[in-house]
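Take a look at the structure below.
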Amino acid sequence: MKKLIFTLLLFLPLAMAAQEETQESTVYVNGQKIVVKRSENKIKVKVYEEVAQGDTIENDQIFEGVYLDGQSTERRMIVSLPFVKKKDKYHFEPHSAGLYIGQSRLYDNGSFGKPDDVDLRLSKSWEIGLNLFEGALPLTRDRHWAITAGLGWGYTSFRLDSNTAFQEIDGIAGNYPAPDGVVYDQSRLRYNFFRLPLALEWQKRLNGHGPIFLSAGAEVEWRYSIKSKVKVDGDSRTLDKDLNVHPIGINILAQAGYANIGAYARYSTASLFQNGKGPDLYPFSFGICWYW
């Protein structure tokens, strides 16, 4: 950024001289476009950098400064959209938008202990999430630290490994045995979600490559379309809905990785079910992610 400011100072007198006739000047320095506009006693400077998107090159604004009566305001932009990546090796790359795939588990009373009445088939208990939007607010000039945020949608499924199913009976949700003479071919608890993560991220490039990154923070989760589904004799049906599940949850989220590949783990800070209306079970998941 020091090099950019130096360049702006170098070209500002030339731009000001040119304003007397054209009111606007454009210069190109190291692949960056600098546009200087002058109107009366105000000077506005915008800096754009080239971003490759497939076979096209587009200019993306990364800086804006307004200088008025000896005072200045500056603004730097870091906003990422799906499948658009900055090529500048000094640019901070938030790790939020991407495709998440992982294993889902339920723990007892927040202690990472296996629940006595819930036996999961772990190979078929999973979640998949898709974060399409992300943003970052750099905290340091060297771009090693930033606050990141995102927005995503996904699906979680817990597959039971016993002849039981989640139901709500007399207002209490639980994992109950199948009726006499009935055998569940499959039994699972599933729900969809929207997630809004907010994290503190550190990253560092290694010889211009990477970056290697670590992040940790909190995540708001809105759960909906909550269902207990079973399959009997090849016939799949919904056994129960809602099941006194908390519609809003807060997760602790940690991520680490290199470049566009990483691993994550998330743990709910509260029970999946409402207090006194269901078992004390805490969702936990871990897996891998491919970031855009």
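Note that the coordinates shown come from a computational prediction; the quantities given were computed from them, not determined experimentally.
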Donor-acceptor pair, distance only, cut-off 3.5 Å: does the side chain of [X] make one with the backbone of [Y]?
| X | Y | result |
| --- | --- | --- |
| Asn192 | Ile226 | no |
| Ser285 | Gly102 | no |
| Glu134 | Ala97 | yes |

Side-chain donor-acceptor pair present, [X], [Y], cut-off under 3.5 Å:
| X | Y | answer |
| --- | --- | --- |
| Lys231 | Ser236 | no |
| Gln255 | His95 | no |
| Tyr176 | Glu168 | no |

Mind checking whether [X] and [Y] have ring centres under 6.0 Å apart?
| X | Y | answer |
| --- | --- | --- |
| Tyr155 | Trp126 | yes |
| Phe213 | Phe92 | no |
| Tyr282 | Phe273 | no |

_With a sphere of 6.0 Å drawn around CG of Asp235, does it hold more than 12 non-hydrogen atoms of other residues, nucleotides or ligands?_
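Above 12, so yes.
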*asked:* Is it the case that over 12 heavy atoms from other parts of the model lie below 6.0 angstrom from the CD1 atom of Ile261?
replied: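 Enclosed: over 12 neighbouring heavy atoms sit under 6.0 Å from CD1 of Ile261.
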_salt bridge (charged side-chain N to carboxylate O under 4.0 Å, His left out) for Arg105 and Glu127? Distances and angles first, verdict last._
CA-CA 10 Å; Arg105 299 189 178 189; Glu127 72 169 8; over 6 Å; no
*Taking the six-membered ring for Trp, are Tyr224 and Phe194 parallel (under 30°), tilted (30 to 60°) or perpendicular (over 60°)?*
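Rings of Tyr224 and Phe194: parallel, as their planes differ by under 30°.
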*Kindly assign one of parallel, tilted or perpendicular to the pair Phe193 and Tyr191, based on the angle between their ring planes and the thresholds 30° and 60°.*
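Aromatic pair Phe193/Tyr191 classed perpendicular.
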_By the definition side-chain contact (heavy atoms from CB on, under 4.5 Å), identify the one residue from Thr148, Leu214, Leu139 that meets it with Leu200._
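The passing option is Leu139.
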*Test Val230 against every option in Leu239, Asp240, Asn163, Thr164 by the side-chain contact (heavy atoms from CB on, under 4.5 Å) rule and name the one that passes.*
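When side-chain contact (heavy atoms from CB on, under 4.5 Å) is applied between Val230 and each of Leu239, Asp240, Asn163, Thr164, only Leu239 qualifies.
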_Atom pair CD/OG1 of Glu221 and Thr156 - distance to nearest 0.5 Å_ =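 Separation between the atoms: 6.0 Å.
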*Atom CD in Gln274, atom CG in Leu243: separation rounded to 0.5 Å?*
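That separation rounds to 10.5 Å.
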*Apply the side chain to side chain donor-acceptor pair (under 3.5 Å) test between Arg190 and each candidate in Ser225, Ser157, Ser125; give the one that qualifies.*
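So the option named by the test is Ser225.
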